[in-house]
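Comments concern the structure below.
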Amino acid sequence: MQSIEIASSLENITEVETMIDSVCEDLDLTEDNYGNVLIAVTEAVNNAITHGNHSEAGKRVKVSVEQEGSKVVFTVSDEGEGFDFENVPDPTAPENIEKIDGRGIFLMKSLSDGVEYKNGGSEVSITFTSAG
C-alpha cells in the first residue's frame, strides 16, 4: 500500500497527481484508465480539502492506494464532519445544470467502478478495475 498525507490546500493536489502518476505507471494502466483515475481521485481530494476540511491548512487529507487482485482502490479521508452522501443533488437535473459546483461526486461515480463512503462521508474509497 502506498499513501501520502497533505495539508488542506489546493496547491497540494500536485502531490496527489504525482502519486497517481506513479501508481498508474506501476500498474501499466491505459491512457483512458489513467485519465479516469486522475480526474476521480483529484475530485475526491478537492472535495476533502474544500468541503471536508474547509481549506483549513492545519487539517490533513490522507490518500492511500491498494491493489486488490484486478482492482485498484484509492481511499481519500479528511478531518471534517462528513456529509449526507445519500442526498446529494443530481448535477444533471435541470435545476442544477448551471450550478458551478456539485459535479465532483457525479464524476467520481461515472469514471470509476465503484464509490463507497465511510465514517459519515469523511472517507471515500474509489475502485477501478486495473485491466490494463
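Since we're looking at a predicted model, the values are computed, not measured.
Within the 4.5 Å cutoff, side-chain heavy atoms of Ile13 are placed close to those of Ile49. Two residues are said to be in side-chain contact when any heavy atoms from C-beta on lie closer than 4.5 Å; Ile20 and Val16 meet this criterion. Ser22 has its side chain within reach of Gln2: a pair of non-hydrogen atoms, C-beta onward, lies under 4.5 Å apart. The shortest distance between side-chain heavy atoms of Lys71 and Asp113 does not fall below 4.5 Å. When side chains are defined from C-beta on, Val124 does not count as touching Asn47, because their heavy atoms never get closer than 4.5 Å. In this structure the side chain of Phe128 never reaches within 4.5 angstrom of the side chain of Asn33, judged on heavy atoms. Using a 4.5 Å cut-off on side-chain heavy atoms (C-beta onward), Ile105 and Val115 make no contact.
To the nearest 0.5 Å, atoms CD (Glu5) and CZ (Arg60) are separated by 5.0 Å. Separating the CE atom in Met19 from the OG atom in Ser3 is a distance of 6.0 Å, to the nearest 0.5 Å. Atoms OG and CE, from Ser125 and Met108 in turn, are 9.5 Å apart once rounded to the nearest 0.5 Å.
What you find for Ala57 and Ala7 is that their closest heavy atoms are O-CB, 3.6 Å. Residue Ala40 comes nearest to Ile126 through the heavy atom pair O-CD1, 3.8 Å, listed as atom of the first residue, atom of the second, then distance.
With sequence neighbours excluded, the residues that form a ring-ring contact (aromatic ring centres under 6.0 Å, His included) with Phe83 are Tyr117.
At least one donor-acceptor pair closer than 3.5 Å links the side chain of Thr42 to the backbone N or O of Ile39. At distances below 3.5 Å, not a single donor-acceptor pair connects side-chain atoms of Asn53 with backbone N or O atoms of Asp78.
Residues Tyr34 and Val63 fall within the same hydrophobic cluster, defined by Ile, Leu, Val, Met, Phe, Trp and Tyr side chains chained together at heavy-atom separations under 4.5 Å. Linking ILVMFWY residues whenever their side-chain heavy atoms come closer than 4.5 Å, directly or via other members, places Ile6 and Val76 in the same cluster.
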